[in-house]
Every structure is written in structure tokens, then in C-alpha cells.
Engineer: 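My structure is below; once you've seen it, I'll send some questions.
In this chain, numbering begins with 1 at the start of the sequence shown. Fair warning: this is a prediction, and the values are worked out from it, not measured in the lab. Values reported hereafter were calculated over all heavy atoms of this structure, with side chains retained and with hydrogens, waters and symmetry mates removed.
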Amino acid sequence: MRPDILNPLFAEISLFKGVGPALARPLERLDLKRAVDVAFHLPVGWVDRHLTDRLDMADAGRIIGTLLTPVDYRAGGSARAPFRVLAADGQGNGVALVYFGKNSGWPRKLLPLNEPKFVSGKLEAYGENLQIVHPDHVLPPEEADTVPARESVYGLSEGLTNNRMRDLAAQALARAPDLPEWIEPSLLARKGWPAWREALARAHADPGDGPARERLAYDEIFAGQLALMLVRQSSRRRRGVSIEGDGRLRAMPKLPFAPTGAQRRAIGEIEGDMAQATPMLRLLQGDVGSGKTLVALMALLNAVEAGMQGAMLAPTEILARQHHDTLRKMTSGLPIEIAILTGREKGKVREATLMGLADGSIDILVGTHAIFQEAVRYKALGLAVIDEQHRFGVAQRMMLANKAERAPHLLVMTATPIPRTLTLTYYGEMDVSRLDEMPPGRQPIQTLVMAASRLDEVVDALARHVDGGGQAYWVCPLVEESETSDQAAAEARAESLRLRFGDRVGLVHGRMKGPEKDAAMEAFAGNRTQILVATTVIEVGVDVPNSSLIIIEGADRFGLAQLHQLRGRVGRGDKSSTCLLLRGNALGETSRARLALMRETNDGFRIAEEDLKLRGAGEVLGTRQSGDAVMKLATPEHVAALVDAARDDAHLLIERDGGLDSARGQAARTCLYLFEKDAAVGLLRGG
Ligand code: ADP
Ligand code: MG
């Protein structure tokens, strides 16, 4: 249970003053649902307030602060027209202070005629004249110095202004309690960091406040490290089952190829872990196409040979079905039963699968998160494989698997190329196997970057490609951050391509119903459609070797890791492949460099390392947009700088106080709850 002290922070944002239906959509787009979300929605920059004693056309566009005297009122001609307060500086230069809304009483009261006021806001040119729309501050002159010299600028979405956002932030801050200190006192002193609440207030008031921001980042990193350690601790404490299969299934008559050296090595490491009674906690990192499925299958068969069951968790339904098919094909003729369970299996089918799992007649279960739900009882779960698209929620899922009576061995697979320096951050103290060698016979993928304005040429190239018997993916850009608009973009693109290519065009997006999605995928896999228009749902794992062209619209709006994943959809067959990245016309330095990097290399790990550096150079705070953000408060630079300290701190704390019972331990629990690592705290009690 979350400590009461945090309740005000977890209050719904709809309780805030002035949050009506009009703000619902903009807030939702930014994923701001509760006070804590707003509190952690830190400003992305600032503008300095230009303090001046005279109005000047040259300052239009800047935030100014100056002494003004109201000289006249102008009521709007119509109900919709704004109310204007005409004011003058010391030299008699004029400006209109503009107020929208019906009530003119309020600006009249705020700005009585002939009384000088300190006024601050954004100065704008309005024709020949100057105006300030809804000044941010209007104060008696003697209070002028209470106005901060910097104005925080927030990430916004349509319908949400910076002023409104600032107001929401202030309300969130007002709800933020003083929290007990979880940071080691000597570290706190050495870094000169403020206490939590002060840090939060300072980070909002002055985005350039390094120590404040750093402290908040540290909290987040610390919570992550601590959670991972608790998982590790609890899984170490629990007994697993030593598994050593006799190899009878793994003889694999069906295998069409010999494992690569890297696959062989990984399989060996996994077998070694599984032979121990301590549950395995291993991460299998391998670039797209490096052959993780085979490694997983070997581990699963090892468990089955020993009379145990295996489960494989996929991030999406499409991928679960594909894994299910692949595993069945690879094991056809073997005396084993492989079942699938997703949200779509219902009624009798689901019942039968649940029975089969409970009585042990099903050896391997593939599915989405449904496979770890309460109702699912395994007879003897020996191994859980998690095929993880992103690093999100790994710990959470590990805990789910931990619910079995005897802790199963755990293998987490990821194609997300995480820089070596960050592996620990995202996966804690897991053992790591890397597939650093591609299966033989891979054709390189040629990557080209083109301006979106050359769309006609692109479509011509697409026509030549499909007329020559090829297939292609067409990936649509992320529009805002909502699925609905992705869908609209994809639908529009499919429609326009159909004008030229007719029913050779298929469409798949995240909002489609399961069967519809499957049908679209199957049509493409069976070469009944030649062009598959898709949103990023095809990002993960989908395997159609005949498709050797991928066109990615709005490439500059994707994260590099994501682009790399998408590109990995091609280059799977024996043909050479092409990846066309369509970019917007006005690109910043960093975006340019990032796309150039994609052109230059196919090595996912290198891309990840370089991206980290590039982002360090520029869009430091821009990580949230691309959909590959992992942390809310910590930038990659923070992580690099602070993760060691956070790990040591968490380590020390757990060593001294493994149950988190001491005062500092309790404070650390609060920190875990603050970052919603509730499940990690749950492990404390279970143990
Ligand atoms: P990943 O899941 O790591 O992205 P997959 O397991 O889907 O990669 O494998 C990619 C492709 O490579 C599949 O078509 C698979 O059959 C093939 N493959 C895997 N291992 C080998 C190997 N040792 N030799 C040749 N092809 C392989
Ligand atoms: Mg895969």
C-alpha cells in the first residue's frame, strides 16, 4: 500500500482548479493524469525576462517586465472581442494589455487607471502597435523583484498554453509534501543537493538549476536500481529447480541450419544457469535478426526434456502468434504440445488451454501478458522467456513470473541495443548473453535518406519493386503521441497507394481487431498483398523474408533504436534490401546527424552508443517525444553520471537493511512508490 503521505500527489488532475473538459485531450496527449505526472513534467527550457524601462518594437517576441501606467480602457465591440487596457511607459510609448473573456471587471480591478504597475508578459507586435495578451504578472511596483528573472517553458500540446501549464505545475507543487530523505546523507552533502520538495520547486522555477534537476534524476535512477536489486534479492532467496534435459528433443531433426557460434555460446550459458537450483536471471541481447528465437527454443526444450513446462511472453499479439507458428514449425514431428494464450483466446479454447497447463499436457505456452495472469496455473513451470520489445516494465514482468511456487528460470530477450554503459541501469544485475554475430548469408541493407517532397519518385521506385516480384513495407509516421492519429495517417496512406496499386495494398495498425490484423499479416506473408502499410506495430519481430524494401515516412520523428528495429524487418531473406528513410524538409543539426548515422551503419549497438552521444550534443531534453524514453526525469547524461552512485547506494542500503525497515529504509520505500515500483515493495513482504 502506498504511504498516505503520497496521496495528494496521486490525486487525479481533474481535481485541479480550472481543469475542465477542454483540457482533457491536451493533458491526455502529454500523459498527464495525476498531480505527480504534472510535478514530473519538468520545464524543457526557459526564457529570460527582459527587464526594461521602455517599450520598444525591437523587443517584440520577448518576455519583458516593465513599469506601465494604465491610461484608458477599450471594451470589445462584440461579446467575443477582448477587453483592452491601454497603458504607457515613462516616455509615453503605448501598449495594449489584452484580456479575452466576458468579464472586464477583473482587468479593471487589476489595472486601475493612472496607477503605475509592474507588468510582465510576452510583448507582441500587433500591426503598428504593441500588445501583451494576458500578462503573466501585474504587481505593485515595489513587488517587481518578486517576479522571477526566468520564465519556465514547458512541453505543451495543442490546447494547452504555457501559462496554463505553469499554473498546473504550481498546483501540483502545492500538493507536493515534504518527504523523508532516502538519499545517503553523505552523498547528499557531497553533491549539495536540496531536499526532494525543494528540488522539485526549484526545477520548475528555474530549469537551469542543475543540482535540483540532478537530484530528481538521481531519485528516479535510485528507485530503478533499488527495484531491480529487490527483484534480484527475492529471486536469489527463492528456490528454483535445477533443470538438465537429456537432449532427446534438442537433437532437432527439423532445424534447417546450424547455430552460429554466438547462439551456441548463449545456449551453453543458459543451460549452465538452468542446471542450478538458484533461478536463472539472464538477459539475451541480440540485434534484430541475430536469431534469438532459436536460443529461446533450445532453452524451452531443455525444460521440457526435464519434465517441466516453458512459457514465452511476447509484447504483442502479432508477435505471439508468429512465435507460436515458428516454434511449432521448428518442432514439428516432436512429441510436444505448444499452445497459445492471448486476450483473444476465450471460452472453451481458453478453458482447454488452462486445463492443459494445469495437468501438464501442454509443454510450452506462448502468449501475451495473459500467460501470467492469476487464473493461469502451471503444473510445473520451469522456464519463462520474455521477449521484450522495449526495456519498459522488465522488472514488473519478472515479478509476475516470480509468482510461481518454485521460481522459474527467467530469460529476458531484447533486441533493443542498449549501450554497454546503460545495461546495468535498465536490467540491473542480470547476467548477460550477447548474440554479437549474425547468421550467415545475410545481405546488407542499403539505407537511403530522402526528402519527403520527393514522394512521387519514391512511389515510382515502389512500383518498380513490386512489379519485379518484390514486397515492401510502408511505415507511417508517428502523429502526435496517440494511436488514433497514427491510424488515420496509415489509413490515408493506404488509400492513396490503393489508387495506384489497387488491392495489392494491405493495411495493419494497432487499433485493428486481432483477427483483422492477423488476416492482413497473413495476406502479406502469403504474398497475396505486396505492399503493407503499417504503423509501428510491425516494429517487433515480424518476419516476411520476401519483403526487401521498407519505406519509413517521417523518419526524423522516430527514435533511432526504433528506426533500427523497423529496418530489421527487411534483410531477412537472400535478396539485398533497401531501407528508404523519408524526412521532413527542415531538419535540425542533430536530426540530420542521426539519420546520417542510420545510413552509415547497421550495427544496433553502435547506433545506440552514437545516439546517446548525439542526443548529449543537442536534444538533451527531447527524449520523451520519440517513444523510446525510459525515464521521466533523468536524461541519458544523468544516467551515465549517476548510475554508479545510485547502484552503490541501493546496494549498501539493502545490505544493511534488506527489509527496508529502518527510517531510511522506509524513506526508500516512499521513493519506490513515488516512481510506482509498487511491485518491488511487494516483494519485501513476500520474502
Ligand atoms: P531475432 O528474434 O533475434 O530478431 P530471429 O530468431 O527471428 O531473430 O531470426 C531471424 C532469422 O534468422 C530467422 O528467419 C531465422 O530462421 C534465421 N536464423 C536464426 N538462426 C540462424 C542460423 N544459425 N543460421 C541461419 N539462419 C538463422
Ligand atoms: Mg525475435
Side-chain angles (χ1 to χ4, degrees), residues 180-193 196 199 211 213-237 278 280-283 285 388 391-399 402 410 412 414 416 418-434 608-609 612 616 623 629-662 664-681 683-684 687:
E181 188 54 76
W182 48 78
I183 299 180
E184 226 261 307
S186 69
L187 178 66
L188 198 69
R190 188 149 34 92
K191 296 281 193 182
W193 286 337
W196 180 77
R213 204 147 185 151
E214 202 176 66
R215 189 232 141 103
L216 298 176
Y218 180 85
D219 293 341
E220 185 171 37
I221 299 165
F222 174 70
Q225 291 297 304
L226 190 58
L228 286 165
M229 268 175 215
L230 291 174
V231 173
R232 182 76 182 179
Q233 170 183 274
S234 119
S235 89
R236 272 213 190 101
R237 253 197 328 234
T278 314
M280 168 170 76
L281 206 51
R282 183 170 286 276
L283 177 69
Q285 264 191 317
E388 188 71 27
R391 51 265 192 190
F392 296 111
V394 173
Q396 220 76 3
R397 293 199 179 151
M398 293 198 294
M399 290 164 208
N402 262 351
L410 210 53
V412 178
T414 179
T416 309
I418 297 166
R420 227 171 252 282
T421 47
L422 297 187
T423 311
L424 256 157
T425 311
Y426 299 122
Y427 292 106
E429 301 177 314
M430 297 180 80
D431 300 305
V432 178
S433 297
R434 274 194 173 205
E609 304 276 359
L612 187 68
T623 44
V630 188
M631 305 234 181
K632 288 188 213 160
L633 304 174
T635 63
E637 293 71 28
H638 283 136
V639 172
L642 298 172
V643 69
D644 286 340
R647 191 166 47 242
D648 290 349
D649 195 5
H651 223 124
L652 213 64
L653 179 62
I654 288 190
E655 229 158 59
R656 278 193 220 136
D657 177 19
L660 299 186
D661 297 315
S662 66
R664 236 199 101 211
Q666 295 286 348
R669 285 180 188 229
T670 309
C671 177
L672 287 169
Y673 279 111
L674 183 62
F675 290 100
E676 295 174 80
K677 311 273 183 203
D678 300 28
V681 187
L683 287 177
L684 285 170

Engineer: Which atom pair, heavy atoms only, marks the closest approach of L216 to F675?
Structural biologist: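 In this case the closest contact between L216 and F675 is O-CZ, 4.4 Å.
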
Engineer: For W182 and D219, does a side-chain donor sit closer than 3.5 Å to a side-chain acceptor?
Structural biologist: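 On atom types as modelled, these side chains qualify, holding a pair under 3.5 Å.
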
Engineer: Find the distance between CD (E220) and CG (L642) and round it off to the nearest 0.5 Å.
Structural biologist: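 CG of L642 is found 11.5 Å from CD of E220.
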
Engineer: Can you name the side chain to side chain donor-acceptor pair (under 3.5 Å) partners of W196, sequence neighbours left out?
Structural biologist: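 So W196 forms no side chain to side chain donor-acceptor pair (under 3.5 Å) with any residue.
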
Engineer: For the atom pair CG (L410) and CG (D431), what is the distance rounded to the nearest 0.5 Å?
Structural biologist: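 If we round to the nearest 0.5 Å, L410:CG and D431:CG are 11.5 Å apart.
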
Engineer: Provide the closest heavy-atom pair for G192 versus P211 in the form atom of the first, atom of the second, distance.
Structural biologist: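 Taking every non-hydrogen atom into account, O-CB, 4.2 Å.
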
Engineer: Apply side-chain contact (heavy atoms from CB on, under 4.5 Å) to L188 and list each qualifying residue two or more places apart in sequence or on a separate chain.
Structural biologist: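 L188 satisfies side-chain contact (heavy atoms from CB on, under 4.5 Å) with E181, I183, W193, R215 only.
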
Engineer: Under the side-chain contact (heavy atoms from CB on, under 4.5 Å) rule, collect the residues that match up with S662, sequence neighbours excluded.
Structural biologist: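 Checked S662 against side-chain contact (heavy atoms from CB on, under 4.5 Å); matches are D657, R664.
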
Engineer: Can D648 and L187 be said to form a side-chain contact (heavy atoms from CB on, under 4.5 Å), step by step?
Structural biologist: CA-CA 11 Å; D648 290 349; L187 178 66; over 6 Å; no

Engineer: Which residues pass the salt bridge (Lys or Arg N to Asp or Glu O under 4.0 Å) test with D661, sequence neighbours left out?
Structural biologist: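 With sequence neighbours excluded, D661 shows a salt bridge (Lys or Arg N to Asp or Glu O under 4.0 Å) to R669, given in chain and number order.
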
Engineer: On a heavy-atom basis, which atom in A646 and which in Y218 lie closest, and how many Å separate them?
Structural biologist: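 Minimum heavy-atom separation between A646 and Y218: CA-OH, 3.4 Å.
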
Engineer: Do you know the tightest heavy-atom contact between L230 and G658?
Structural biologist: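 What the structure gives for the nearest pair is CD2-O, 4.5 Å.
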
Engineer: Work out which heavy atom in H638 is nearest to a heavy atom in L633; give both atom names and the distance.
Structural biologist: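 Scanning both residues completely, I find the closest heavy atoms to be ND1-O, 3.9 Å.
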
Engineer: Kindly give the heavy-atom pair with the smallest separation between A227 and L672, and that separation in Å.
Structural biologist: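 Scanning both residues completely, I find the closest heavy atoms to be N-CD2, 4.0 Å.
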
Engineer: Out of curiosity, I221 CD1 to L226 CG, how far, rounded to the nearest 0.5 Å?
Structural biologist: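 Between atom CD1 of I221 and atom CG of L226 there are 13.5 Å.
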
Engineer: Output the distance between atom CD (E655) and atom CG (L652), rounded to the nearest 0.5 Å.
Structural biologist: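 If we round to the nearest 0.5 Å, E655:CD and L652:CG are 6.5 Å apart.
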
